[in-house]
Amino acid sequence: MSLLEVKNLKKYYPVPPEHLFGPKRSVKAVDGISFQLDAGETLGLVGESGCGKSTLGRALVRLEEPTSGEILLRGRDLCSLHGEKLRRMRGSFQMIFQDPYGSLNPRMTIFAALDEALRLHTDLNSDQRLERVAELLDMVGLKPEFARRHPHQFSGGQRQRIGIARALAVNPEFIVADEPVSALDVSVQAQIVNLLQSLQKKTHFAMLFIAHDLAVVEHISSRIMVMYLGKAVECAPAEKLCAHPGHPYTQALLSAVPSIEPKHGERIVLAGDVPSPLNPPRGCRFHPRCPFRRPICESEEPELKIRGNDPSMLCACHFPLNLH
């Protein structure tokens, strides 16, 4: 059985009607996402800004209340948990945030920030928590004596290491990393990605790694899921997806990745803007921008289903691109 199983997850945000007696409306940020994640596996999640990636990540750790669907962690539905039951389960799943400074309380020392998580989710006494904080800082490449400093005394990369240490403090089985390197310098990004890979090998946590940079996602992920306008349009092993994309949107994303290698084709520039999730297009949501669209794409929404004869490759397209 998979560690995490997500079934038809939706997150809608209600918005006021256009006029007093107008119909109810909602922004469909996440609109029916399903996937599985095994222990120790990394699933990369990519897509343009506003496609619902971060909303999905926050819903998985219950920082956003899902509208409907199921989030099964070892068979237990997190959507059904509230209050004390949810608090007790939070030790099993944690989140690494995009902004390493905004996610830390500037008035708390690093020791206080890490110790707070240990007090809430473990039975360690004060001496054991002191040892654990020192161990956590060492795990992420920081000196234990840094524990008495405040967040403003660290660089962005060091603050993100602290955020990782806080997420790991309670030995979670599942971590959502929400664009953890996008706010960092390029030279520091590689260090953080390599640190996450090293820690994952040691502690065997599963991870949803959210980013918009396909090159970074390909490096760290075993599988990649591509989102567009609240929907998953493709999911496949990282190497296969990057070598043989099935969805035209994935192909366009890959064409924009900088590379020193000569590419087989020119960069694909998509026409138009991303439609509003308040009123998504009928049929395939990508069809207004798709260079390969046909009449059926405008009326029937494609399912995320097996592409070709490989059950590991899923694609939501009526006419997926050839494998070769």
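The chain is numbered in sequence order, starting from 1.
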> Hey, which of Ile210, Leu168, Leu196 is the one that makes side chain to side chain contact (heavy atoms under 4.5 Å, CB included) with Ile96?
Replying inline: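 So the option named by the test is Leu196.
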> Heavy-atom distance under 4.5 Å between the side chains of Gln98 and Gln160, does that happen here?
Replying inline: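 No, side chains not in contact.
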>> Going by side chain to side chain donor-acceptor pair (under 3.5 Å), name the pairs with one or both residues in residues 198-210, residues two or more places apart or in two chains.
In response: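 Matches after skipping sequence neighbours: Thr42-Gln200.
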> Does NZ or CZ of Arg148 fall inside the cone over Phe111's six-membered ring, less than 6.0 Å from its centre and within 45° of the axis?
Replying inline: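 Positive - Arg148 is close enough to the ring of Phe111 and near enough to its axis.
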> Salt bridge check: are Glu298 and Arg282 linked by an N-O gap of less than 4.0 Å?
Replying inline: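 Looking at Glu298 and Arg282, the cut-off is not met.
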> Is the shortest side-chain N to carboxylate O distance from Arg223 to Glu218 below 4.0 Å?
Replying inline: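 A salt bridge is absent here (no side-chain N lies under 4.0 Å from a carboxylate O).
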Could you name each residue pair satisfying salt bridge (charged side-chain N to carboxylate O under 4.0 Å, His left out) that touches [range], not counting sequence neighbours?
{"range": "residues 100-116", "result": "Asp115-Arg119, Asp115-Arg129"}
{"range": "residues 234-257", "result": "Glu234-Arg307, Lys240-Asp310"}
{"range": "residues 158-174", "result": "Arg74-Glu173"}

>> Tell me which pairs pass ring pair (Phe, Tyr, Trp, His ring centres under 6.0 Å) where either residue lies in residues 117-161, with sequence neighbours left out.
In response: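 Counting only pairs at least two positions apart or across chains, the ring pair (Phe, Tyr, Trp, His ring centres under 6.0 Å) contacts touching residues 117-161 are Phe146-Phe154.
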>> Walk me through whether Arg285 and Asp31 qualify under salt bridge (charged side-chain N to carboxylate O under 4.0 Å, His left out).
In response: CA-CA 11 Å; Arg285 297 189 176 188; Asp31 196 14; 2.3 Å; yes
> Should side-chain heavy atoms under 4.5 Å link Ile, Leu, Val, Met, Phe, Trp and Tyr, which residues sit in the same cluster as Leu278?
Replying inline: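 Joined to Leu278, directly or through intermediates: Tyr13, Val15, Val27.
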> For residues Ser34 and Asn8, is any side-chain donor paired with an opposing acceptor at under 3.5 Å?
Replying inline: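 No, because no side-chain N or O of Ser34 sits under 3.5 Å from a partner of the opposite role on Asn8.
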